[in-house]
Peer 1: 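My structure is below; once you've seen it, I'll send some questions.
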Amino acid sequence: MPITYNEAAKSFKLTAKDTSYIMQVAPGGYLAHTYYGKALPDDDLTYLLRLEEPPFTPEKNLRELSSYMDCLPLEYPCFGIGDYREHAFSIVDGNGATAADLRYSSHRIYDGKPALEGLPATFANAPSEAQTLEITLEDKPAQLEVTLIYTAFTDLDVITRSLTVKNTGTDNVQLTRVYSACVDFDTDELDMITVNGSWARERHPERSPLHRGKQSVDSVKGESSHQSNPFTALCTHNADEDTGEVFGFNFVYSGNFLSEAEVTQFGRTRYVMGINSTDFGWLLGPGEIFTAPEVVMVYSDSGLGKMSRTFHDLYRNNLIRGEYRDKRRPILINNWEATYFNFNTEKLIQIAEQASKLGIEMLVMDDGWFGHRDSDNSSLGDWFVYEKKLEGGLKALVEKVNSFGMKFGIWFEPEMISPDSELYKEHPDWAIQIKGRPLTMSREQYVLDYSRKEVRDHIYGMMRKILDNANIEYIKWDMNRQITEPASNWLPKERQREIWHRYVLGVYDLMNRLTTDYPHILLENCSGGGARFDPGMLYFSPQIWCSDDTDAIERLKIQYGTSLCYPCSSMGAHVSDCPNHTVGRQTPFETRGHVAMVGTFGYELDVTKIPQEDRDAIPGQIEEFKKFNPLVRTGDHYRIGNVFEDDEWDAWMFVAKDKSEALLEFVQVLRRPNYHSRRIKLKGLDPAAYYYEESAPDRKYSGAALMQAGITVPEPWGDFRSVLRHFIRA
Ligand code: GLA
């Protein structure tokens, strides 16, 4: 049984595959945390609470209750009652007071996993895949009920957490902080790993040992952001790819977040994750319920690699949905880097015709097809066809592209409004703004108030007209700026602080409508590259554009960092032209293909203009991609090289779940003079099986030799060169 309750000890034990998570109701009715880690046979670990160690003996010694509160490992700590560490929950009650005090009231255990109202979340495909524990805590004076929701997955080292807050009283209560998870560790000997960056260099991992005080990553931009990602791993100092304990946390949310570890006075660590409380507020009227987004927690006893593979399995099977979840995605060609805004019907047809002959399966028309958009300074919100550019209209263009045997995809940026647009002329108040203050411009655009249903309905109406008018089979949903002047013309004064969360809920609502009404359309999320690469978005779209930086060498870093938490099958990756538009680097066409093959694969170049040699290489590249894509989508991913530690080379593998085949990809970043070949140890194979390379079937190697002794990789001639090696079980 994944979840049990020990009545005598009042303790709860969650078992998720080889992981145990244990809590208990401590004296006073406080819910305390006793253990998180490798599976244990025990279910009562009361001794770890040190209840008999003075001065923490509240039943005997009430004069030191505050010391008890400031030390007890609380599952869901509140502000204002003596726990001075980071708290997860704070309110302003009907009397204007700020303390909250949550005590155990009841619990229930059931099979399966509940959906979260209005929010994306992981799910169980069958009730037997997971069990759920709901523990209800009560704040009697404030008349609030908080129900902590834990789900343990049977076959994955995954526990998820979320919660609801219910106002059971007659007064309004302001929620000022509602984090989704808190875990207390009885040690400060941990490292914190986060993935950080900027535009064109998203999700670069950084690791540092925890130190006294608070260390965090967060976003207050209204999206998860280029700069931070709602992912954090806490790990033992010795943890590497294959060894050591790792606790991974990921927030299934696409707006403001906080991920923070605090090392306390007693050398312990409190970790919290949730909606950022900066500028957050939520008015909870009598009878109303607030639902906090989900945190996914993954435990690994064998390093970062195992943690990543657990996240990948969970997201591929229990988060991503829709027709394309388990399918190879169409090989697309996107015209953004090929033409930017400078295209017309004829140009797109030329690209599509040439591309179709080479085996490319879909044309994606990027930004610039609507309103009167010739640069990024107009027309967002005017989702009707720019007739001057698309002479003959969209339907005719799509039909022409279809006649080449190709699908057609289209770009939208539905959350935005340009000051130079019909929409803004009609509805200037639909932009997020503070009355009487100037609006801060970014990329010459403003953000629409998605907290407002009327706004979403209007935008969706325009999108539907486009989608119903032509055979559109793919949408790139972009979001190219952050929120400023956070206020809504629609919300009353006392609800203004809800704008951040209501905005995200509004985006989810529209994505939900879109994916329900158009289940055949493949949705790809994007946000100025990868500013919204988070599990919230993965719930709606099986793939997300990883970064505007398409340089193969820069992508080694971006895709490495992204793979810590997100499956390779979800990473939007294209072969683009050289010199690369972001860094001016020249890399071989073959290497660009091999690096893009790690992700969804496609092209982002003017296929009519690239060198003939590159054009000639495309059919072969496509064949190679098709051959290996099932392994990439369904296999286990192993990182072997690490360009952040050694920037001369990189390597990674995809291994079939049944270990019958494996693909090694090696990239030599810089060629070294006068060295022998590199020796590389493979991973994830069956040590007892024998393998041969497809290119040399007569030579057999044991899996043990390939993993413990390794193989030799002759260094290719030149920089930025890549090699694929395919191993098959004999
Ligand atoms: C963002 C995206 C790009 C492209 C442009 C269009 O930057 O990341 O891929 O779609 O917008 O304006």
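Keep in mind the model is a prediction, meaning the values are calculated, not measured. Counting starts at 1 for both ligands and their atoms, following the listed order. FYI, side chains are in, hydrogens and waters are out, and symmetry mates aren't considered; it's all heavy atoms of this structure.
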Peer 1: Return the closest protein heavy atom for atom 4 (C) of ligand 1 as residue, atom name and distance.
Peer 2: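 Answer for atom 4 (C) of ligand 1: D366 OD1, 3.4 Å.
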Peer 1: With a 4.0 Å cut-off on N to O distance, would you call K425 and E422 a salt bridge?
Peer 2: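 Yes.
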Peer 1: For ligand 1, which part of E413 has a heavy atom less than 4.0 Å away: the side chain, the backbone, both, or neither?
Peer 2: neither
Peer 1: Examine the proximity of ligand 1 to E604 and report which part, side chain or backbone, both or neither, has a heavy atom under 4.0 Å away.
Peer 2: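 The answer is neither.
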Peer 1: May I ask you to check whether G529 has an N/O atom sitting below 3.5 Å from an N/O atom of ligand 1?
Peer 2: yes
Peer 1: Has ligand 1 got any nitrogen or oxygen that is less than 3.5 angstrom from a nitrogen or oxygen of R373?
Peer 2: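 In fact, backbone or side chain, R373 has no N or O that close.
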Peer 1: So which heavy atom on T232 is nearest to which on V217, and how close?
Peer 2: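 Result for this residue pair: OG1-CG2, 4.1 Å.
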Peer 1: To check your reading of the model: name the closest protein heavy atom to atom 3 (C) of ligand 1, its residue, and the distance in Å.
Peer 2: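 Answer, as residue, atom name and distance: D548 OD1, 3.4 Å.
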Peer 1: Between Y450 and D509, do the side chains contain an N or O donor and an N or O acceptor separated by less than 3.5 Å?
Peer 2: no
Peer 1: Do any nitrogen or oxygen atoms of W336 lie less than 3.5 angstrom from nitrogen or oxygen atoms of ligand 1?
Peer 2: no
Peer 1: If every non-hydrogen atom of R639 is compared with every non-hydrogen atom of S563, which pair is closest and at what distance?
Peer 2: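 For R639 versus S563, the nearest heavy atoms are NH1-OG, 2.9 Å.
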Peer 1: Can you tell me if Y603 and Q621 form a side-chain donor-acceptor pair at under 3.5 Å?
Peer 2: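 A pair is found: one side chain offers a donor N or O, the other an acceptor, under 3.5 Å apart.
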Peer 1: For R532, run the salt bridge (Lys or Arg N to Asp or Glu O under 4.0 Å) check against E202, E415, E223 and tell me which one passes.
Peer 2: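 Exactly one pass, corresponding to E415.
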Peer 1: Identify, by atom number and element, the atoms of ligand 1 in contact range of N480, meaning under 4.0 Å from any of its heavy atoms.
Peer 2: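 Contacts of ligand 1 toward N480, numbered from 1: 1 (C), 7 (O), 11 (O).
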Peer 1: Considering heavy atoms of the protein only, find what lies nearest to atom 11 (O) of ligand 1 and give residue, atom and distance to 0.1 Å.
Peer 2: D478 OD2, 2.9 Å
Peer 1: Using a strict cut-off of 4.0 Å, indicate which atoms of ligand 1 neighbour a heavy atom of C526.
Peer 2: 2 (C), 8 (O)
Peer 1: Should you measure from each heavy atom of K476, which atoms of ligand 1 turn up under 4.0 Å away?
Peer 2: 3 (C), 4 (C), 9 (O), 10 (O)
Peer 1: For the residue pair P230 and M273, what are the closest heavy atoms and their distance?
Peer 2: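 P230 and M273 have their closest heavy atoms at O-CE, 3.4 Å.
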Peer 1: What atoms of ligand 1 come closer than 4.0 angstrom to any heavy atom of D367?
Peer 2: 6 (C), 12 (O)
Peer 1: Both conditions, 6.0 Å and 45 degrees, for the charged tip of K557 above the ring of Y560: are they met here?
Peer 2: no
